[in-house]
Amino acid sequence: MSRAVLSIGSNMGDRVQNLQSVLDAFGAAVVDVSPVYTTAPWGGIDQDDFLNAILVVDDPDVDCLGWLHRGQQLEQEAARTRTVVWGPRTLDVDVVTCDDIRSDDPELTLPHPRAHERAFVLVPWIDVEPDGVLDVGGVATPLTQLLAGLPDGERAGVGTTEFVLKRTQ
């Protein structure tokens, strides 16, 4: 069994359709999907707001690198370019956690090294796993505790939307 939490985001083009394309591509492997949030861009680059969501996926035939590679393929199909760090993008698919594995592999560091600092990951993740935990420095920490520890401005930068990602299967 390979279970992963994926953070998806878009701030270019048809943002909702970009996110929906990920849900459609993962199909039956999707266990849960969060509401869609609007979030201020992270990293100090002047750009449009993002739409973000969390997918929980599970497929015994896909390992952690498989989730990463499938996400990267979807980014390529959405014409994602990587010219500016934390810059605008049509689609971003990040593996946040996978099977509670800890890894310092440069190709896929698990859990995602900055997930605990990002309200745009924590808020939608709490929607689908209110009792969820994230390994931070070897300590399983409740997501709600991590969110509460973020600066007010970080939390305030995440807002609800009317957008809904719909399962087609």
Side-chain angles (χ1 to χ4, degrees), residues 1-13 15-34 36-37 39 41-43 45 50-129 131-143 146-147 165-169:
M1 177 163 99
S2 179
R3 181 183 177 282
V5 174
L6 308 176
S7 175
I8 61 175
S10 174
N11 76 336
M12 294 176 65
R15 300 175 303 161
V16 175
Q17 182 52 45
N18 291 338
L19 298 183
Q20 183 67 47
S21 72
V22 179
L23 182 63
D24 294 346
F26 286 121
V30 177
V31 174
D32 213 340
V33 58
S34 76
V36 176
Y37 287 86
T39 62
W42 207 89
I45 305 295
F50 279 83
L51 292 182
N52 289 96
I54 288 284
L55 299 182
V56 178
V57 291
D58 194 338
D59 186 329
D61 297 325
V62 181
D63 64 10
C64 300
L65 280 174
W67 293 122
L68 174 69
H69 294 152
R70 289 175 73 181
Q72 289 172 334
Q73 178 182 355
L74 294 171
E75 290 174 349
Q76 290 173 355
E77 290 171 7
R80 159 92 187 254
T81 58
R82 297 176 184 268
T83 55
V84 177
V85 175
W86 295 320
R89 58 205 87 154
T90 54
L91 185 61
D92 190 28
V93 181
D94 287 334
V95 178
V96 179
T97 64
C98 183
D99 290 337
D100 297 322
I101 292 172
R102 288 185 53 79
S103 169
D104 291 327
D105 184 318
E107 184 176 6
L108 179 59
T109 303
L110 291 171
H112 190 287
R114 290 171 299 282
H116 66 284
E117 301 171 343
R118 296 181 172 167
F120 69 82
V121 172
L122 297 173
V123 170
W125 189 0
I126 290 168
D127 279 334
V128 294
E129 294 186 341
D131 297 324
V133 297
L134 177 62
D135 182 323
V136 180
V139 177
T141 308
L143 301 176
L146 293 169
L147 182 63
L165 301 179
K166 296 178 182 157
R167 295 179 199 224
T168 56
Q169 297 181 354

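All values below were derived from every heavy atom in this structure, side-chain atoms included, with hydrogens, water molecules and symmetry-related copies excluded.
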Is there a side-chain contact between [X] and [Y] (heavy atoms, below 4.5 Å)?
X: R102; Y: D135; value: yes
X: I54; Y: V121; value: yes
X: L108; Y: L110; value: yes
X: F50; Y: R15; value: no
X: D92; Y: E75; value: yes
X: H112; Y: E117; value: no
X: F26; Y: L74; value: yes
X: I8; Y: L165; value: yes

Legend entry - Closest non-hydrogen atom pair between S2 and C64, with its separation: OG-N, 4.1 Å

Legend entry - Shortest non-hydrogen contact from N52 toward G9: ND2-CA, 3.5 Å

Legend entry - T90 side chain to A78 backbone, donor-acceptor under 3.5 Å: yes

Legend entry - Under 3.5 Å: donor-acceptor pair, side chain of N18, backbone of M12: yes

Rounded distance [0.5 Å steps], [atom1] in [X] versus [atom2] in [Y]:
X: H69; Y: Q76; atom1: NE2; atom2: CD; result: 10.5 Å
X: W67; Y: L55; atom1: CH2; atom2: CG; result: 9.5 Å
X: L147; Y: I126; atom1: CG; atom2: CD1; result: 4.5 Å
X: T109; Y: I101; atom1: OG1; atom2: CD1; result: 13.0 Å
X: D127; Y: L122; atom1: CG; atom2: CG; result: 11.5 Å
X: Q72; Y: D94; atom1: CD; atom2: CG; result: 9.5 Å

Legend entry - All salt bridge (charged side-chain N to carboxylate O under 4.0 Å, His left out) counterparts of D63, not counting sequence neighbours: none

Inset, instruction - Kindly determine whether T97 and L134 satisfy side-chain contact (heavy atoms from CB on, under 4.5 Å), including the steps that lead there. - result: CA-CA 8 Å; T97 64; L134 177 62; 3.6 Å; yes

Inset, instruction - Using the side chain to side chain contact (heavy atoms under 4.5 Å, CB included) rule, pick out the option among V136, T141, V96, L143 that qualifies with H116. - result: V136

Inset, instruction - Please determine which of V56, V128, D59 meets the side chain to side chain contact (heavy atoms under 4.5 Å, CB included) test together with V31. - result: V56

Inset, instruction - Return the set of residues passing ring-ring contact (aromatic ring centres under 6.0 Å, His included) with W125 (not counting sequence neighbours), or none when no residue passes. - result: none

Who pairs with [X] by side-chain hydrogen bond (donor to acceptor under 3.5 Å, both in side chains), at least two apart in sequence or on another chain?
X: D100; result: none
X: S7; result: none
X: Q17; result: none
X: S21; result: none

Legend entry - Heavy-atom neighbours of D104 CG exceed 12 at 6.0 Å: no

Inset, instruction - Could you walk me through whether E77 and Q73 pass side chain to side chain donor-acceptor pair (under 3.5 Å), step by step? - result: CA-CA 6 Å; E77 290 171 7; Q73 178 182 355; 3.1 Å; yes

